[in-house]
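Input: a single structure, listed below in structure tokens.
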Amino acid sequence: MKAFTNVKDLGNLGVAVKEALEVKQNRFAYKSLGENKTLLMVFFNSSLRTRLSTQKAAFNLGMNTMVLDINQGAWRLETERGVIMDGDKTEHILEAIPVMGSYCDIIGVRSFARFESKEDDYNEKILNQFIQYAGKPVFSMEGATTHPLQAFADLITIEEFKKKERPKVVLTWAPHPRVLPQAVPNSFADFMNEADVDFVITHPEGYELDPQFVRNAKVVYNQDEALKNADFVYAKNWSPFNDNNYGKILSKDTSWTIDTKKMSLTNTAFFMHCLPVRRNVIVTDDVIESPQSIVVQEAANREISCQVVLKRMLESLSCK
Ligand code: AN0
Ligand code: CP
């Protein structure tokens with residue numbers, strides 16, 4: 001595996017989930033695979049789970065890790081080619097990337113949507129430059145449009161908790177005070193469309209996601225209707241994808257917050273969220289503290305999803 005940015009990079013998803021469950025059973029079985037191999041994690045944005053779970057996954061595989069926070073202690077990076085660099089940016093990303101690549105064997109990159117240009121965001125301008133110029137395998141730790149390590153962990157969690165062969169999984173929009181990317185819902189849809197689940201997306205009008213991720217998923221605009229008989233409720237805020245409202249907030253409708261009344265419409269569904277979550281905005285205290293809430297188990301599976309990706313990347317390095 002040379003790059004990991006979406007579900008397709010995992011190949012057969014059933015095989016990948018099986019591998020994940022095996023890794024979870026014995027996470028130190030491949031301790032020698034990463035010996036003398038170095039992982040560099042590059043963060044353009046904040047993180048708690050990704051920062052810790054990715055390092056833990058690397059340690060399980062015997063790797064060394066280095067973490068660079070671009071906005072804390074690194075030189076300010078210019079990302080546009082052709083700019084006369086007489087302003088506040090000291091270094092160009094076109095030198096920085098191959099230099100970073102020269103110190104490591106695998107690179108993870110977190111670079112959120114900037115909402116300055118939809119075209120740049122949806123072309124994954126930053127992440128793709130790493131893939132192109134690092135000379136090393138690159139995986140997304142949440143790019144501008146996808147968060148595949150999260151969605152893979154979400155799928156592993158659903159596999160572990162499901163009580164029927166084909167559960168109903170509902171991705172629901174919920175309100176939030178700030179403009180958030182579509183990366184988490186895009187990847188969740190990307191993975192759920194490939195998994196053996198009955199997948200439904202619900203959101204207010206104007207919050208339609210990119211069709212390349214929605215594909216044939218059922219979209220229901222009435223949240224109560226969508227939640228009926230759900231086995232898993234996956235809440236997340238995102239901002240509009242459509243050109244006219246990209247980077248704006250159209251709704252802060254608190255009737256979309258997940259509370260016990262909403263959960264009572266479901267088939268005693270499990271509650272999921274990628275975290276961090278704003279309590280009593282996205283979900284009430286009662287719901288997130290209930291026994292049906294599996295947000296912590298979901299976050300714990302980030303170690304496992306990442307370990308599968310790192311393991312596969314290390315295996316393809318040693319095939320060289
Ligand atoms: C980010 C997002 O919505 O993409 C990261 C989630 C994992 N969330 C926030 O910025 C709050
Ligand atoms: N879910 C997730 O990616 O969390 P962090 O932003 O804390 O890494």
Side-chain angles (χ1 to χ4, degrees), residues 2-5 34 36-59 61-150 178-181 183-184 187 247 274-276 302-303 305-307 309-310 313-314 317:
K2 291 275 174 274
F4 178 62
T5 61
N36 297 329
K37 295 284 190 280
T38 300
L39 168 67
L40 170 63
M41 300 159 64
V42 181
F43 286 94
F44 287 83
N45 313 93
S46 305
S47 167
L48 185 154
R49 278 143 292 276
T50 304
R51 177 181 297 264
L52 298 179
S53 62
T54 306
Q55 291 190 77
K56 179 60 166 65
F59 296 153
L61 291 163
M63 297 185 83
N64 302 307
T65 63
M66 302 191 293
V67 182
L68 183 70
D69 287 295
I70 293 290
N71 298 321
Q72 273 174 31
W75 299 110
R76 290 205 66 187
L77 286 185
E78 176 57 62
T79 57
E80 284 302 315
R81 194 174 170 278
V83 168
I84 297 170
M85 287 174 58
D86 59 359
D88 58 348
K89 312 271 174 62
T90 314
E91 175 152 31
H92 204 285
I93 198 165
L94 289 171
E95 284 79 56
I97 291 174
V99 168
M100 289 188 260
S102 75
Y103 302 137
C104 65
D105 301 283
I106 297 176
I107 307 188
V109 180
R110 167 162 285 200
S111 176
F112 288 177
R114 297 178 170 193
F115 295 110
E116 286 161 10
S117 150
K118 180 175 174 180
E119 201 188 330
D120 285 356
D121 288 346
Y122 269 76
N123 285 331
E124 288 287 359
K125 197 168 169 191
I126 304 293
L127 191 58
N128 278 335
Q129 291 191 79
F130 274 88
I131 292 171
Q132 200 176 344
Y133 300 118
K136 298 290 156 70
V138 172
F139 64 95
S140 166
M141 300 196 299
E142 187 171 342
T145 63
T146 66
H147 193 2
L149 286 174
Q150 181 64 50
R178 296 179 59 182
V179 174
L180 295 189
V184 170
S187 277
C274 62
L275 306 181
R302 290 291 307 277
E303 176 183 340
S305 64
C306 187
Q307 196 172 330
V309 170
L310 288 176
M313 285 188 162
L314 287 168
L317 283 182

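Treat the numbers as computed from the prediction; the structure is a model and nothing was measured. Any value given below was found using the heavy atoms of this structure, including those in side chains, with hydrogens, waters and symmetry copies removed.
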Would you call Arg110 and Asp69 a salt bridge, taking side-chain N to carboxylate O under 4.0 Å as the test? no

With a 4.0 Å cut-off, would you call Lys125 and Glu116 a salt bridge? no

Let me confirm one number: the [atom1]-[atom2] distance from [X] to [Y], rounded to the nearest 0.5 Å.
X      : Y      : atom1 : atom2 : answer
Ser53  : Arg302 : OG    : CZ    : 4.5 Å
Asp120 : Thr79  : CG    : OG1   : 8.0 Å
Ile106 : Leu317 : CD1   : CG    : 5.0 Å
Met100 : Met66  : CE    : CE    : 10.5 Å
Lys136 : Ser102 : NZ    : OG    : 7.0 Å
Thr50  : Gln55  : OG1   : CD    : 11.0 Å

Flag side-chain contact, heavy atom, 4.5 Å: [X] against [Y]:
X      : Y      : value
Pro181 : His147 : no
Phe139 : Thr54  : yes
Val138 : Phe4   : no
Glu78  : Glu91  : no
Met313 : Asp105 : no
Lys37  : Leu314 : yes
Val184 : Cys274 : yes
Leu68  : Met41  : no

Steps toward side chain to side chain contact (heavy atoms under 4.5 Å, CB included) verdict (Leu149, Ser140): CA-CA 7 Å; Leu149 286 174; Ser140 166; over 6 Å; no

Under 3.5 Å, side chain of Asn64 to main-chain N/O of Leu39, donor-acceptor pair present? no

Judged by atom type as modelled, is there a donor-acceptor pair below 3.5 Å linking the side chain of Asn71 to the main-chain atoms of Asn45? no

Before you tell me yes or no, could you show the steps for Phe59 and Thr65 under side chain to side chain contact (heavy atoms under 4.5 Å, CB included), namely the whole-Å CA-CA distance, both residues' side-chain angles and the distance that decides it to 0.1 Å? CA-CA 8 Å; Phe59 296 153; Thr65 63; 3.6 Å; yes

From CA spacing to verdict: side-chain hydrogen bond (donor to acceptor under 3.5 Å, both in side chains), Thr145, Glu124: CA-CA 7 Å; Thr145 63; Glu124 288 287 359; 2.5 Å; yes

Can you see which heavy atom on [X] is nearest to which on [Y], and at what distance?
X      : Y      : answer
Ile70  : Ala74  : O-CB, 3.5 Å
Ala144 : Asp121 : CB-O, 3.3 Å
Ile126 : Ser111 : CB-OG, 3.4 Å

For the residue pair Ser187 / Gln150, report whether a side-chain donor-acceptor contact shorter than 3.5 Å exists. no

Run the side chain to side chain contact (heavy atoms under 4.5 Å, CB included) check on Leu77 and Phe44 step by step: do they pass? CA-CA 10 Å; Leu77 286 185; Phe44 287 83; 4.2 Å; yes

Step by step, work out the side chain to side chain contact (heavy atoms under 4.5 Å, CB included) result for Phe130 and Ile93. CA-CA 9 Å; Phe130 274 88; Ile93 198 165; 4.2 Å; yes

Tell me the ring-ring contact (aromatic ring centres under 6.0 Å, His included) pairs involving residues 86-119, sequence neighbours left out? Phe115-Tyr246

